[in-house]
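Single-structure report; data block below.
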Amino acid sequence: MKTTLDLLNDVVAMGFNRAEALESIDASLDIIFGFENRKEIRDEELSDELYNDILDGFKCEREEC
């Protein structure tokens with residue numbers, strides 16, 4: 001499994017601003033996990049499906065979907 005930090009790094013590598021990407025990822029994960037159930041970014045493991053779903057959202061934002 002990959003972590004939220006891995007996801008953030010992949011999104012930034014696609015050319016997105018780090019702060020804006022983190023804000024967007026956090027908002028999505030707050031909805032999914034609940035704010036009170038979140039872990040540190042480097043420790044929060046994401047399923048492959050969730051990781052890819054969020055990454056695909058960023059790809060679509062870049063009009064690559």
Side-chain angles (χ1 to χ4, degrees):
M1 279 194 191
K2 294 185 180 182
T3 66
T4 302
L5 181 58
D6 295 326
L7 176 60
L8 176 61
N9 289 336
D10 284 348
V11 171
V12 170
M14 292 170 51
F16 287 91
N17 173 282
R18 185 174 184 82
E20 292 174 4
L22 180 57
E23 184 177 327
S24 179
I25 291 168
D26 274 344
S28 296
L29 295 177
D30 282 349
I31 292 168
I32 294 166
F33 293 139
F35 178 77
E36 63 279 348
N37 296 319
R38 300 286 309 279
K39 296 181 180 178
E40 291 292 322
I41 187 171
R42 66 182 175 274
D43 299 326
E44 186 170 57
E45 293 184 341
L46 307 176
S47 69
D48 291 339
E49 181 180 3
L50 178 57
Y51 185 94
N52 290 327
D53 284 349
I54 294 172
L55 192 60
D56 286 346
F58 282 95
K59 288 177 182 177
C60 284
E61 190 172 324
R62 289 187 61 211
E63 299 180 334
E64 293 181 8
C65 58

Donor-acceptor pairs are to be reported for all side-chain atoms of residues 25-37 against protein atoms at under 3.5 Å, with residues two or more places apart or in another chain.
unit_1, atom_1, unit_2, atom_2, d
D26, OD1, R38, NH2, 3.0
S28, OG, S24, O, 3.2
D30, OD1, R38, NH1, 2.7
N37, ND2, F33, O, 2.9

Could you state the interatomic distance from [atom1] ([X]) to [atom2] ([Y]), rounded to the nearest 0.5 Å?
X	Y	atom1	atom2	value
E49	D56	CD	CG	10.5 Å
L7	L46	CG	CG	6.5 Å
R42	T4	CZ	OG1	12.0 Å

Query raised in the report: Pairs in or reaching into residues 10-22: which pass side-chain hydrogen bond (donor to acceptor under 3.5 Å, both in side chains), with residues at least two apart or in two chains?
Result: N9-R18, D10-Y51
Requested in this report: Taking all non-hydrogen atoms of both residues into account, name the closest pair between T3 and D6 and its distance.
Outcome: N-OD2, 2.9 Å
Requested in this report: Would you confirm whether R62, through its side chain, and M14, through its main-chain N or O, come within 3.5 Å as a donor-acceptor pair?
Outcome: yes
Query - Of all pairs that satisfy ring-ring contact (aromatic ring centres under 6.0 Å, His included), the ones with a partner from residues 5-27, not counting sequence neighbours - result: F16-F58
